Amino acid sequence: MSDGEDDLPLSTRARVAIAGNESDSDDDVPLSARVPGATTGKRKNMSNRNRPAHKRKSSDTEDDNSSDDKPIGSLVDISDRKSTTAGGSAKKKTKRADHEPWRAKRGAKQMWSTLEHNGVVFPPPYQAHGIPLVYDGHDVKLLPHEEEVATFFAVMKDTDYAQKDIFVKNFFDGFKKTLRGGPHGFIKDFKKCDFTKIYMWNLQERERKKSVSAEEKRKVKAEQAAAEEKYCWATIDGRRERVGNYKVEPPGLFRGRGEHPKMGRVKKRIMPEDIIINIGKGAKVPEPLPGHKWKQIIHNNTVTWLCGWNDTINTKDWKYVQFGATSSIKAESDIQKYEKARKLKLAVDAIRRDYFKKMKSGSVLEQQLAVTTYLVDKLALRAGGEKDDDLADTVGVCTLRVGHIDFLPPSTIKFDFLGKDSIRYLQEHEVDPLVFHAMQRFCKGKKKDQDIFDHIDPTKVNKHLQTLMPGLTIKVFRTYNASYTLNKLLKETTPAGDSTVPMKKAAYDAANKEVAVLCNHQKGVSKAHDAQMEKLQDKKKIIEKEIAALRRDKKDTNKAKIRTLKERLSKLELQMKMKDELKSVSLGTSKINYMDPRITIAWCKHNDVPPPTVYTKALVEKFNWAMEVEPDFDF
DNA sequence: ATCCTGGACTCAGAAAGATGTCC
DNA sequence: CGGACATCTTTCTGAGTCCAGGA
């Protein structure tokens, strides 16, 4: 493999690598140059070329060459950076925001006056196991920080990721960089690497952990919980509330969804030097790890996060520690979200009149605004912001391309595209003839990889929506659609008052399922699904045979037995039907994020169903704010 | 550019089911 | 032989994780 990575003096490289803070400079060699024909992105760059300039994102993204020296700037602690720079790197470090005094955004609202918290929990330091990598037939005992990266990969042998070329290549690039300048720099050929010994060690290790007695497991867990207890809580304006993700993500290999170009990259260990602490003035600043210091302490009371750091994969992204779902700050924004959706319910008729009018008589821009609003309204699609080429190629309504739809006259459109999380949206919808013809006009003369809605983007659509209803954005339609549908279905399908709670629950789940399908919330079909269905099928056959046998010898006493068997049979059949229908539908997402809990709670009260029947313990807590709703609440 | 919401996936533990044991 | 109970096995659930969006 040719890797011209000698752009930095060895001495500098070695120091940086050993410090575990190597730069992302493998990016200076384009992916395609390292492995021929490895560009698998379906979109590649061609569509960007065809795309109108205003829809293209940052033109000079050329992989992330430009970010080459930024990760160092943001990830290495100050003292280390100085020595690195002095060590001979010719690259200039640009001044970054972290050196400027923090300033609140213009017009930002104050979110708190006092804030206390205890910072974050770091993952435990790496414990070397000493198992060698086999290279070209010989054992190579790696240095701990090298071994750590090798182990990230070795333990993933059985996953789908490990079968993907991009994943392997990204990993190996990272691994080589880790080795470079050290005693094992000679490891340059992936084909000569054999990770089996480490893999086997890991299997044993997992067995060992599994075999620990339940008693011992409980004890360890309790001890850990006690040690972490103080990080679970923060105090905002005097209220003690739960923190959400107080644990720093451990290092590992990045697992992007779908065909993510960066999958397999090494996620570096986050250190205190990477982390900005946001806390009230005068509050006690949490202790960093011994011998370390925080990147910065700020007192920004216009935001709700407690700690933040740059993501190591997409270096311009940020990670934040925030309050938990049960906190008042989250509850308040939840309430606002659903209240906004209810306002949309009142405004939606006018909005529909508006888009039909503009479809007929507007400019092309207006027509595209009208049609996208129609799709968002009827199909609950997402916005679809423009994305860089270094992310998976997924789309929403504004980024739909000609190849994503088929026209099925007279007025049905088939959609087939990858949405958020690379989940496939494959649905056919009969649309209004006006919409059908407008979309045909937009597609006319365009190639498959060109944007259908070439005059607009989410910002424009949202600006337009604001003119129809203050605060209205595309995503509000999803909330509105989901809640409206649940509200309607529960009214229509809930069985009579004398039915059992399980029957009512079944009706609720069925309504929930409709909402999930509307929002295209899917889950992977479990690997065991087919086998499980077959097992149920066998069970069914056995019962049927038994019934047949009982029928053959016509004893009176058999009648009762047949009846119970038949009951079991119909129950089994229902179970099979539900299992198959729900195998790829995820109910949880809509329950957590889209269906107004007041609808559910009001329904519970109205039908004498205890809330824990439909909500987990965590959800009952999260939706505490909705518990006092009147039984006749109507969305 | 930043920050907050939304999303599928994972894995441990619980629940359910199957099988064994005893009376 | 059947039922109560114990134990082992499979399936389900949900809390946590960490990646992907929207604005």
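Source: prediction; values computed, not measured. Values below: every heavy atom of this structure, side chains too, minus hydrogens, waters and symmetry copies. Residue numbers begin at 1 in each chain, while the letters A, B, ... track the order of the sequences.
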**Student:** Within less than 4.0 Å of OP1 or OP2 of B:dG7, is there a side-chain N or O belonging to A:His521?
**Tutor:**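 For B:dG7, OP1/OP2 do have a side-chain N/O of A:His521 under 4.0 Å.
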
**Student:** Could you identify which residues of residues 321-332 of chain A place a heavy atom less than 4.0 Å from some atom of DNA chain B, listed by residue number, or say none?
**Tutor:**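 DNA chain B contact set from residues 321-332 of chain A: A:Gln322, A:Lys330.
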
**Student:** Toward the 5' end of DNA chain B, which comes first, A:Val303 or A:Lys337, by nearest nucleotide?
**Tutor:**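 Nearer the 5' end of the strand: A:Val303.
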
**Student:** For A:Asn278 and B:dT2, give me the distance from atom CG to atom P, rounded to whole Å.
**Tutor:**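 Rounding to the nearest Å, CG of A:Asn278 and P of B:dT2 are 14 Å apart.
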
**Student:** Tell me: CG of A:Asn310 to P of B:dT2, nearest whole Å?
**Tutor:**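 Atom-to-atom, A:Asn310 to B:dT2, this comes out as 8 Å.
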
**Student:** Is the phosphate of B:dC4, meaning OP1 or OP2, less than 4.0 Å from a side-chain N or O of A:Thr304?
**Tutor:**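 For B:dC4, OP1 or OP2 has a side-chain N or O of A:Thr304 closer than 4.0 Å.
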
**Student:** As an exercise, state the distance from NZ of A:Lys340 to OG of A:Ser333, rounded to the nearest 0.5 Å.
**Tutor:**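 The NZ atom of A:Lys340 sits 10.0 Å away from the OG atom of A:Ser333.
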
**Student:** With ring pair (Phe, Tyr, Trp, His ring centres under 6.0 Å) as the test, would you mind laying out the steps for A:Tyr425 and A:His404 before giving the verdict?
**Tutor:** CA-CA 10 Å; A:Tyr425 186 98; A:His404 291 136; over 10 Å; no

**Student:** Taking atom P of B:dT5 as reference, at what distance in whole Å does atom CD of A:Gln336 sit?
**Tutor:**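 My rounded result for the distance is 12 Å.
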
**Student:** Of the options A:Gln537, A:Lys577, A:Lys540, which is the one that meets A:Leu572 in a side chain to side chain contact (heavy atoms under 4.5 Å, CB included)?
**Tutor:**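 Output: one option passes, namely A:Lys540.
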
**Student:** A:Lys591 NZ to B:dA8 C1': how many Å, rounded?
**Tutor:**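 Atom-to-atom, A:Lys591 to B:dA8, this comes out as 17 Å.
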
**Student:** Please report, rounded to the nearest Å, how far the P atom of B:dG6 is from the CZ atom of A:Arg478.
**Tutor:**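 A:Arg478 atom CZ is separated from B:dG6 atom P by 10 Å.
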
**Student:** Under 4.0 Å: is that the gap between some side-chain N or O of A:Trp318 and OP1 or OP2 of B:dC3?
**Tutor:**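 So the side chain of A:Trp318 is outside the cut-off, no N or O lying under 4.0 Å from OP1 or OP2 of B:dC3.
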
**Student:** Quick check: does any side chain N or O of A:Thr613 sit under 3.5 Å from a backbone N or O of A:Pro610, one acting as donor and the other as acceptor?
**Tutor:**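 Present.
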
**Student:** Between A:Ala618 and A:Lys535, just flag the one whose closest nucleotide in DNA chain C comes earlier from the 5' side.
**Tutor:**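 Per heavy-atom nearest nucleotide, the more 5' residue is A:Lys535.
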
**Student:** Separation of A:Lys523 atom NZ from C:dT13 atom P, in whole Å?
**Tutor:**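 Result: 8 Å.
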
**Student:** Kindly point out which of B:dG7, B:dC4, C:dA15 is positioned nearest to the side chain of A:Tyr594?
**Tutor:**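 Closest nucleotide to the A:Tyr594 side chain: B:dG7.
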
**Student:** Should A:Ser333 be listed as having a side-chain N or O under 4.0 Å from OP1 or OP2 of B:dT5?
**Tutor:**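 So the side-chain polar atoms of A:Ser333 do come within 4.0 Å of the phosphate oxygens OP1 or OP2 of B:dT5, strictly under.
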
**Student:** Is atom CD of A:Glu534 surrounded by more than 12 heavy atoms (other residues, nucleotides or ligands) closer than 6.0 Å?
**Tutor:**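 Not buried by this count: 12 neighbours or fewer within 6.0 Å.
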
**Student:** Roughly, in whole Å, what's the span from CG in A:Leu518 to P in B:dG7?
**Tutor:**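 To the nearest whole Å, that distance equals 12 Å.
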
**Student:** Would you say the ring centers of A:His117 and A:Tyr246 fall short of 6.0 Å from each other?
**Tutor:**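 Between A:Tyr246 and A:His117, which both carry aromatic rings, the centre distance is not below 6.0 Å.
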
**Student:** Over how many whole Å does the gap from A:Leu536 atom CG to C:dT11 atom P extend?
**Tutor:**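 A:Leu536 atom CG is separated from C:dT11 atom P by 9 Å.
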
**Student:** Ring-plane angle category for A:Phe623 and A:Trp625, please: parallel below 30°, perpendicular beyond 60°, tilted otherwise.
**Tutor:**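 A:Phe623 vs A:Trp625 ring planes: perpendicular.
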
**Student:** Is it the case that A:Lys262 places NZ or CZ above or below the six-membered ring of A:Phe254, under 6.0 angstrom from the centre and within 45 degrees of the axis?
**Tutor:**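 Not satisfied by the 6.0 Å and 45° rule.
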
**Student:** Looking at every strand, decide which applies to A:Thr459 at a 4.0 Å heavy-atom threshold: base, sugar-phosphate, or nothing.
**Tutor:**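 Nothing: the residue A:Thr459, judged by heavy atoms under 4.0 Å, touches no strand.
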
**Student:** Using a 4.0 Å heavy-atom cut-off to protein, can you give one letter per nucleotide of nucleotides 16-23 of chain C, 5' to 3': B if the base is in contact, S if only the sugar-phosphate is, - if neither?
**Tutor:** -SBBBSSS

**Student:** Which of these passes side-chain hydrogen bond (donor to acceptor under 3.5 Å, both in side chains) with A:Tyr594: A:Arg478, A:Lys475, A:Lys337?
**Tutor:**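 The passing option is A:Arg478.
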
**Student:** Restricting to nitrogen or oxygen on both sides, can you table the protein-nucleotides 12-17 of chain B pairs closer than 3.5 Å?
**Tutor:**
none

